[in-house]
Amino acid sequence: MDKTFQPANIETRWYQEWEDKGYFAPQGGEQSYSIMIPPPNVTGNLHMGHGFQEAIMDALIRYHRMSGCNTLWQAGTDHAGIATQMVVERQLEGQGINRYDLGREKFVEKIWEWKEKSGGAITQQMRRLGASLDWSRERFTMDPGLSKAVQHVFIRLYREGLIYRGQRLVNWDPVLHTAISDLEVISEEERGHMWHFKYPLASGEGHLTVATTRPETMLGDCAVAVHPEDKRYANLIGLAITLPLCDREIPIIADDYVDREFGTGCVKITPAHDFNDYEMGRRHGLPLINILNDDAVINDTAPISYRGLDRLEARARVVADMEALGLLDKVADHTLSVPRGDRSGVVIEPYLTDQWYVDAKKMATPAIAAVENGDIQFVPKQWENTYFAWMRDIQDWCISRQLWWGHRIPAWYDTDGNFYVGENEEAVRQENTLGDTVILRQDEDVLDTWFSSALWTFSTLGWPEETEELATFHPSTVLVTGFDIIFFWVARMIMMTLHLLEEVPFHTVYIHGLVRDSDGQKMSKSKGNVIDPTDLIDGIGLEELVLKRTSGMMQPQLAAKIEKSTRRQFPSGIESYGTDALRFTYYSLASTGRDIKFDIGRIEGHRNFCNKIWNAARYVLMNCEKEDCGTSNKAAVELSLADRWIRSKVQETAAEVTRAVANYRFDLASQALYEFIWNEYCDWYLELSKSVLWDDGASPEAKRGTRQTLIRVLEISLRLLHPMMPFITEEIWQSVGALAGKSGPTIMLQPYPEPNEHEIDVRANKDIEWLKMVIEGIRNIRGEMSIPPGKELSVLLRNGDENDRQRLSTNSQYLRKLAKINKIDWLGVDDAVPLAATSLAGELEILVPMAGLIDKEAEIVRLSREIGKLENDLTRLQGKLGNAAFVDKAPAAVVAKEQNKMQAQQQALETLQQRLSRIRDI
RNA sequence: AGGGCCUUAGCUCAGUUGGUUAGAGCACCUGCAUGACAUGCAGGGGGUCGGCGGUUCGAGUCCGCCAGGCCCUACCA
């Protein structure tokens, strides 16, 4: 074995073997356990969020697979309608063509070609993370089976009246030329202006003043509204306005939606271009005047001089023309929230179109109930409120998209505007008895990608066929996802699955935090703070990192800034840390919080942890290979105190890890393992074992017992750790397993250690605690007195009880070795106490005689500090116990505890004070 | 505008139903080539738990107010 752990040498080798041997597939077992991966986009590259999420799922899957469950981790990707179409369109752009040049069929072919070639990138990266997905069952949302499920669901919901077609205002992306759902619109505050326009009354006398942030919409105005009780305008209600620039008359109407306090109290109403105005228009029977084309250019409904202008050009022209007419009252700076498309980033227009909708309100009721009654549980529970809040006020879901890539809507139109929903044109003709003379044309639109994702838990298992997989693995056990898609995906899955299968899609939803950079900033390409998980695994040079962060940018002007900050943050690039260290870091950060700040320092510590494990294994193997390790259980074995203690500790650790995983607390699980392996097993047990293994006088039974303990505890630790650190544990286990009496081709199919309470040895724990206390007392003196670690000491003990004497006599070999002592003697109570540095272990006094070693002043400082601490503490205790209310009201056990503590502290204080005055006296 | 979350050591975070002297990692200081490991070993320093008030024998933990930070939903033209 190398002296340091070299992850690169082993990771891909083991992954290849696991995958080739089919270990990731379900292995049978009574209890099934399944996780459906949140399908990443085919266009995607692995980012830190994926890495984190997959690390968690893989730990759960490996843990339950080892625990004997019939385990399925369903692999797959989704087709990401808009994103994928954009990627391929951009490629075509490079060749100087657009999708219309190609036509729909050819364009979709191009996308498939692209998908075959590049769509697998992310699944390759997932393999680097060690994710044990069942690749043999990999699915894609556009696969024939899944497409069939999508079509089936659409037709069924349509026939049940849960899908309908309607003309509504939608969120329209004028660049992508498609409707998008409410959730895909991001509104943020931006600085803009508020224009105040005078609208002359039709009578020719006087005017009203309206305010608007979008002047161009006035071309579509259909009314001016005032509050019905607004005295200022009461006499104008029912009169008309002559709409400037348009030569139309529009009414003045009254509606209590209007806020009298805001602006002038008069609102221009544009029903075709504003959601609130649309509602008001419906209330008042106003017409809808649409003034825009698909690309937000003014259409032919508008006065001729504005036609063909982009919305912003039109805005400037309208303002200029109004000013020229003397109708521009004023322009004020105004901060407003601007809706932008989350993909394109352009301002979204409310736009009147025909679209398909899912009646979400009906489907929400059972979906709410399923969470209320506990059929589905969120972890942390807190997220249920987020879910409820949205579900109780849910809006109908616009599911049609004006794209070419996706599941085409199975609806056909005749030339009279009638439409028919069915499996295909032939079926539609038959079902509706349409003769051959009727010309049918299929709906051009496709379905929202989330529509197919909503079916993911069961469409991947073969539904609508009644497959064995469906019976075995559905409902899935747990969904692991981020809070950002509770609405997009989780809620819609719950609604769809409950309605279609009459069962929940999953029993638990584990919501994890979102990974941010070390400053708490969201990682994004435009901020240039993205870290690619594979770069943490393999490492990356500075130049390459700068290049990676600054190439292919949407906003190239930011490149210089990004380069600068990258060079500052990673002056020598990123080192290689390996997958196990990265994964362990993810787990250590996986607490209940919402944000996960990823600090590079954390991963370095965990790489060191890997190295620690590696070297502990080296030590164990050096001492156990080709030696008698009591593997067979036949030969007589003598277990030392240290052996019994570490066997006990590993059981406690197993219990802690099991509890933590059951609660999805991977931070606690990882911490328990780190603490046990480093601070107990390595720091203490391995050191303790040396005093047996290196002692020529030790019996063969004792050596056998120590070797057996070394190897068995290591082997258990490896299995405990394997779900989190799959590679290093496998590599080491291959050598350790057999020595520990285990057989099998891989650790990943070994049973997960079940905590065994009978092996918890309270007595051994206490004895070792005593031993540590004594050793630490001596080390403290050594450290503070600057006595070189190599210098052997002789030590006197005083004032101990029978237990102390007993423990000393059985453990003196440990003490000699770990505290570097050559001589330990008891001092009688009446014996003269020599000048010495003092430490306490309970009532036991540990004295290191000064004899030229100890600096008098330093010892005075040290003792004074200890005494100060004790005095503080005693004052607090005395106050507490002197308080009658405390003694009366607190539970007796608590009071007794405090009293015992006070006694012990008093005793310790006295002892130390005596020692201090003794030293001062010389 | 409504709702929610967060604030603990220099940094990143744990802290179960209120009950030892509030813990860890990293960073820091001191010493050390000791036969697994310098990606290491040993020792050490560092916190009035955001502020104020309340409940309680007892509050990092429960309640109220304030300050700062973040998020979600809705959106006033």
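Predicted, not measured: the structure shown is a model, and the values here were computed from it. Order of the sequence lines sets the chain letters (A, B, ...), proteins ahead of strands, with each chain counted from 1.
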[N] versus [M] - spacing of their [atom1] atoms, nearest Å:
N: B:rC75; M: B:rU7; atom1: C1'; answer: 30 Å
N: B:rG45; M: B:rU30; atom1: C1'; answer: 10 Å
N: B:rG54; M: B:rU12; atom1: P; answer: 33 Å
N: B:rA22; M: B:rC49; atom1: C1'; answer: 8 Å
N: B:rA38; M: B:rG19; atom1: C1'; answer: 43 Å
N: B:rG43; M: B:rG50; atom1: P; answer: 31 Å
N: B:rU8; M: B:rC52; atom1: P; answer: 16 Å
N: B:rC57; M: B:rG18; atom1: C1'; answer: 12 Å

A:I787 or A:D873, whichever maps to the more 5' nucleotide of RNA chain B: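 That would be A:D873.
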Of A:F262 and A:G783, the one whose closest RNA chain B nucleotide lies more 5':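 It is A:G783 whose nearest nucleotide is closer to the 5' end.
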Taking atom [atom2] of [N] as reference, at what distance in whole Å does atom [atom1] of [X] sit?
X: A:Q671; N: B:rU12; atom1: CD; atom2: C1'; result: 13 Å
X: A:E866; N: B:rG43; atom1: CD; atom2: C1'; result: 13 Å
X: A:E384; N: B:rG4; atom1: CD; atom2: C1'; result: 15 Å
X: A:L874; N: B:rU20; atom1: CG; atom2: C1'; result: 13 Å
X: A:L589; N: B:rA14; atom1: CG; atom2: C1'; result: 12 Å
X: A:F886; N: B:rG18; atom1: CZ; atom2: P; result: 16 Å
X: A:F666; N: B:rG25; atom1: CZ; atom2: C1'; result: 20 Å
X: A:L668; N: B:rA24; atom1: CG; atom2: P; result: 15 Å

Test side chain to side chain contact (heavy atoms under 4.5 Å, CB included) applied to A:W195 and A:V319, A:V318, A:V210, the passing residue: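 Result: among A:V319, A:V318, A:V210, A:V319 is the only option passing the side chain to side chain contact (heavy atoms under 4.5 Å, CB included) with A:W195.
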Considering every strand and a 4.0 Å limit on heavy-atom distances, what is the contact class for [X]: base, sugar-phosphate, or nothing?
X: A:E898; result: nothing
X: A:R392; result: nothing
X: A:Q905; result: base
X: A:D888; result: nothing
X: A:H334; result: sugar-phosphate
X: A:Q382; result: sugar-phosphate
X: A:P788; result: nothing

Side-chain ion pair, A:R782 and A:E776, N-O less than 4.0 Å: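 Looking at A:E776 together with A:R782, the answer is no, because their closest N to O distance does not fall below 4.0 Å.
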Electrostatic pair A:E625:A:R707 at N-O distance under 4.0 angstrom: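 Judged by the 4.0 Å cut-off on N to carboxylate O distance, A:E625 and A:R707 do not form a salt bridge.
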Side-chain donor/acceptor of A:D221 to backbone N/O of A:A223, under 3.5 Å: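 The answer is no, because no donor-acceptor pair under 3.5 Å joins these two groups.
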Donor-acceptor under 3.5 Å (A:D667 side chain, A:S588 main chain):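 Judged by distance alone, no pair lies under 3.5 Å.
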Cationic tip of A:R779 above A:W684 ring, under 6.0 Å, 45° of axis: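 Positive - A:R779 is close enough to the ring of A:W684 and near enough to its axis.
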Geometric cation-pi criterion, A:R392 with A:F388: 6.0 Å, 45°: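 Yes, cation above the ring, under 6.0 Å and within 45°.
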Enclosure of A:K820 NZ (heavy-atom neighbours >12, cutoff 6.0 Å):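 12 or below, so no.
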Neighbour count >12 (heavy atoms, 6.0 Å) for atom NZ, A:K361: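 Above 12, so yes.
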Ring geometry between A:Y587 and A:F666 (parallel below 30°, tilted from 30 to 60°, perpendicular above 60°):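 Plane angle between 30° and 60°, so tilted.
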Value rounded to 0.5 Å, distance of CZ in A:F483 from CD1 in A:I511: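 Rounded to the nearest 0.5 Å, the CZ-CD1 separation comes to 9.0 Å.
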Distance flag, aromatic centroids of A:W614 and A:F5, threshold under 6.0 Å: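 Ring-ring flag for A:F5/A:W614: true, centres closer than 6.0 Å.
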Atom of A:F197, atom of A:T212 and distance for their closest heavy-atom approach: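 Where A:F197 meets A:T212 most closely, the heavy atoms are CE1-CG2, 4.1 Å.
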Dot-bracket pairing map - RNA chain B, Watson-Crick plus G-U, both contacts under 3.5 Å, | cross-strand: (((((((..((((.....[...)))).(((((.......))))).....(((((..]....))))))))))))....
Listed nucleotide nearest any side-chain atom of A:P789, set B:rG15, B:rA77, B:rC32: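 In terms of side-chain proximity for A:P789, the closest of B:rG15, B:rA77, B:rC32 is B:rC32.
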Base versus backbone protein contacts along nucleotides 36-41 of chain B [heavy-atom cut-off under 4.0 Å; B, S, -]: BBSBSS
Summary of protein contacts for nucleotides 67-75 of chain B, nucleotide by nucleotide, where a base hit scores B, a sugar-phosphate-only hit scores S (4.0 Å, heavy atoms): ---BSS--B
Give a yes/no answer on whether the side chain of [X] brings an N or O atom under 4.0 Å of OP1 or OP2 in [N].
X: A:K597; N: B:rU12; result: yes
X: A:N780; N: B:rG44; result: yes
X: A:H606; N: B:rC26; result: no

Verdict with reasoning, A:M48 to A:Y586, per side chain to side chain contact (heavy atoms under 4.5 Å, CB included): CA-CA 9 Å; A:M48 291 295 274; A:Y586 283 139; 3.5 Å; yes
